Engineer: 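Encoded as structure tokens, here's the structure I'll be asking about.
Keep in mind that this is a model prediction, so the values were computed, not measured.
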Amino acid sequence: MALFFNTSTNAGTGQRLTGFARYCELLERDFKRFFIVNALTLLGFLPFICGVIFSILSSSIIFLIPICIASGIIAGPALSCMYDTVFRSLRDAPGKCMENYKRAWKQNWRQSVIPGIVLCLLLGFDAFMMAIMWWWAPSSPGFGTITIYILGLTLMTMFFQYTCHNWYCLNRLADNVLKTACFLLYAFSGKYLGTPCYKSCTGQ
């Protein structure tokens with residue numbers, strides 16, 4: 001019995017599924033693996049989350065900067081291992097979950113430290129800016145300010161996602177990474193934004 005979707009009708013065709021059907025197949029087959037790796041990724045970002053919360057509560061951006069740098073050293077490799085797990089599932093690569101996770105950590109930790117630091121700094125500044133606008137400002141921000149903030153955060157997350165997996169998982173050069181990230185952001189931004197909306201509407 002399928003966990004989320006009934007894929008029994010596709011069994012025995014000898015062809016790999018594509019598109020959303022492929023996504024459903026991977027989610028059904030590797031759900032346990034994805035759950036474990038995502039839990040480890042969240043654990044890797046836990047120092048960053050705690051540091052940002054403390055910085056906001058203490059109103060100290062001076063503390064925010066070093067905690068983001070220190071947290072990025074852990075969060076970057078953890079994020080790279082999550083990408084590695086997804087790529088292995090897409091390739092139907094063999095191996096146990098934790099063995100592949102340890103191997104990915106050893107292979108990618110050097111390349112992923114700097115992107116992890118940059119990501120934590122950007123997210124930390126965004127969180128601090130949100131606290132300034134919503135908690136410390138004398139009045140609530142307007143609709144335009146909220147829209148620009150959410151749009152900027154979304155575009156930054158999308159660009160960074162496309163950049164990271166090309167950098168430390170595919171081992172591409174920096175200039176090629178930026179070009180590829182800009183192309184993917186332009187070509188697939190609709191699918192990136194549309195998938196969560198589709199899942200929310202259908203309940204899947």
Side-chain angles (χ1 to χ4, degrees), residues 3-4 16 22-55 63-128 153-185 188 192 195-196:
L3 180 61
F4 296 103
R16 176 177 291 181
R22 176 63 170 168
Y23 166 79
C24 298
E25 179 189 28
L26 294 178
L27 185 61
E28 175 189 338
R29 185 190 68 191
D30 297 329
F31 175 78
K32 182 179 180 181
R33 178 177 299 184
F34 289 160
F35 180 83
I36 293 174
V37 172
N38 277 277
L40 292 173
T41 305
L42 181 61
L43 186 64
F45 276 86
L46 188 60
F48 166 74
I49 296 173
C50 295
V52 170
I53 293 176
F54 179 82
S55 299
F63 178 80
L64 177 68
I65 295 175
I67 197 62
C68 288
I69 294 175
S71 301
I73 299 175
I74 303 175
L79 189 62
S80 71
C81 292
M82 186 189 70
Y83 285 131
D84 182 85
T85 300
V86 174
F87 286 142
R88 288 182 186 276
S89 295
L90 290 171
R91 299 196 311 266
D92 299 321
K96 296 182 179 180
C97 176
M98 294 310 300
E99 292 179 355
N100 292 335
Y101 189 88
K102 294 177 181 178
R103 186 180 301 111
W105 188 284
K106 294 179 181 179
Q107 292 177 349
N108 301 327
W109 74 270
R110 290 184 180 179
Q111 304 97 302
S112 59
V113 166
I114 294 179
I117 293 175
V118 174
L119 176 62
C120 287
L121 284 171
L122 292 175
L123 292 178
F125 289 146
D126 280 330
F128 205 86
L153 182 61
T154 303
L155 291 176
M156 185 271 292
T157 305
M158 293 169 58
F159 182 80
F160 201 89
Q161 176 183 350
Y162 292 140
T163 302
C164 285
H165 72 75
N166 279 278
W167 192 341
Y168 48 66
C169 289
L170 302 181
N171 294 323
R172 293 181 176 176
L173 298 177
D175 56 343
N176 294 332
V177 166
L178 295 177
K179 293 178 182 178
T180 303
C182 293
F183 171 76
L184 293 174
L185 183 63
F188 300 105
Y192 183 94
T195 300

Engineer: What are the two closest non-hydrogen atoms of Cys68 and Leu121, and how far apart are they?
Structural biologist: CB-CD2, 3.6 Å
Engineer: Sequence neighbours excluded, which residues qualify as side chain to side chain contact (heavy atoms under 4.5 Å, CB included) partners of Leu42?
Structural biologist: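 Result, side chain to side chain contact (heavy atoms under 4.5 Å, CB included) vs Leu42: Ile49.
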Engineer: Once side chain to side chain contact (heavy atoms under 4.5 Å, CB included) is applied, do any residues pair with Phe54, and if so which ones, sequence neighbours excluded?
Structural biologist: Ser58, Phe63
Engineer: Under the ring pair (Phe, Tyr, Trp, His ring centres under 6.0 Å) rule, collect the residues that match up with Phe128, sequence neighbours excluded.
Structural biologist: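 Only Trp136 meet the ring pair (Phe, Tyr, Trp, His ring centres under 6.0 Å) criterion with Phe128.
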Engineer: Provide the closest heavy-atom pair for Gly44 versus Pro47 in the form atom of the first, atom of the second, distance.
Structural biologist: O-CD, 3.5 Å
Engineer: Rounded to the nearest 0.5 Å, what separation is found between the CG atom of Leu119 and the OG atom of Ser112?
Structural biologist: 11.5 Å
Engineer: Looking at residues at least two apart in the chain, or sitting in another chain, which of them share a side-chain hydrogen bond (donor to acceptor under 3.5 Å, both in side chains) with Arg33?
Structural biologist: none
Engineer: Which distance, rounded to the nearest 0.5 Å, do you find between the CG of Leu79 and the CD1 of Ile74?
Structural biologist: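 Leu79 atom CG to Ile74 atom CD1 measures 13.5 Å (nearest 0.5 Å).
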Engineer: First locate atom CD1 of Ile114, then atom CD1 of Ile69, and finally report the distance between them rounded to the nearest 0.5 Å.
Structural biologist: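 One gets 11.5 Å once the value is rounded to the nearest 0.5 Å.
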Engineer: Would Ser55 and Ile67 count as a side chain to side chain contact (heavy atoms under 4.5 Å, CB included) if you check the C-alpha gap in whole Å, the side-chain angles of each, and the deciding distance to 0.1 Å?
Structural biologist: CA-CA 9 Å; Ser55 299; Ile67 197 62; 4.2 Å; yes
Engineer: May I have the step-by-step check of side chain to side chain contact (heavy atoms under 4.5 Å, CB included) for Leu123 and Phe48, ending in yes or no?
Structural biologist: CA-CA 9 Å; Leu123 292 178; Phe48 166 74; 3.6 Å; yes
Engineer: Does Arg110 have any side chain to side chain contact (heavy atoms under 4.5 Å, CB included) partners at least two apart in sequence or in another chain, and if so, which?
Structural biologist: none
Engineer: Side chain to side chain contact (heavy atoms under 4.5 Å, CB included) between Phe45 and Ser71: does it pass, once the steps are laid out?
Structural biologist: CA-CA 7 Å; Phe45 276 86; Ser71 301; over 6 Å; no
Engineer: Kindly indicate whether the side chain of Ser80, heavy atoms from C-beta on, has any atom under 4.5 Å from the side chain of Asp84.
Structural biologist: no
Engineer: What residues, two or more places apart in sequence or in another chain, satisfy salt bridge (charged side-chain N to carboxylate O under 4.0 Å, His left out) together with Arg29?
Structural biologist: Asp92
Engineer: Taking all atoms of both residues into account, what is the closest heavy-atom pair of Gly124 and Val52, and its distance?
Structural biologist: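 For Gly124 versus Val52, the nearest heavy atoms are CA-CG2, 4.2 Å.
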Engineer: Can you sort out the partners of Phe125 under ring pair (Phe, Tyr, Trp, His ring centres under 6.0 Å), two or more places apart, ordered by chain and number?
Structural biologist: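 None.
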Engineer: Look up atom CG in Leu26 and atom OG in Ser89, then write down how far apart they are to the nearest 0.5 Å.
Structural biologist: 6.0 Å
Engineer: Report the C-alpha distance between Met82 and Thr85 in whole Å, list the side-chain angles of each, state the deciding distance to 0.1 Å, and finish with yes or no for side chain to side chain contact (heavy atoms under 4.5 Å, CB included).
Structural biologist: CA-CA 5 Å; Met82 186 189 70; Thr85 300; 5.7 Å; no
Engineer: Measuring from Lys96:NZ to Arg103:CZ, what's the distance to the nearest 0.5 Å?
Structural biologist: 12.0 Å
Engineer: Using the side-chain hydrogen bond (donor to acceptor under 3.5 Å, both in side chains) criterion, which residues pair with Thr41? Sequence neighbours excluded.
Structural biologist: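 Per chain and number, Thr41 pairs via side-chain hydrogen bond (donor to acceptor under 3.5 Å, both in side chains) with no residue.
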Engineer: Out of curiosity, Tyr101 OH to Arg88 CZ, how far, rounded to the nearest 0.5 Å?
Structural biologist: 13.0 Å
Engineer: Of the non-hydrogen atoms in Asn100 and Pro94, which two are nearest, and what is the gap between them?
Structural biologist: ND2-O, 3.6 Å
Engineer: By side chain to side chain contact (heavy atoms under 4.5 Å, CB included), which residues pair with Ile73, not counting sequence neighbours?
Structural biologist: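 Result, side chain to side chain contact (heavy atoms under 4.5 Å, CB included) vs Ile73: Val113, Ile117.
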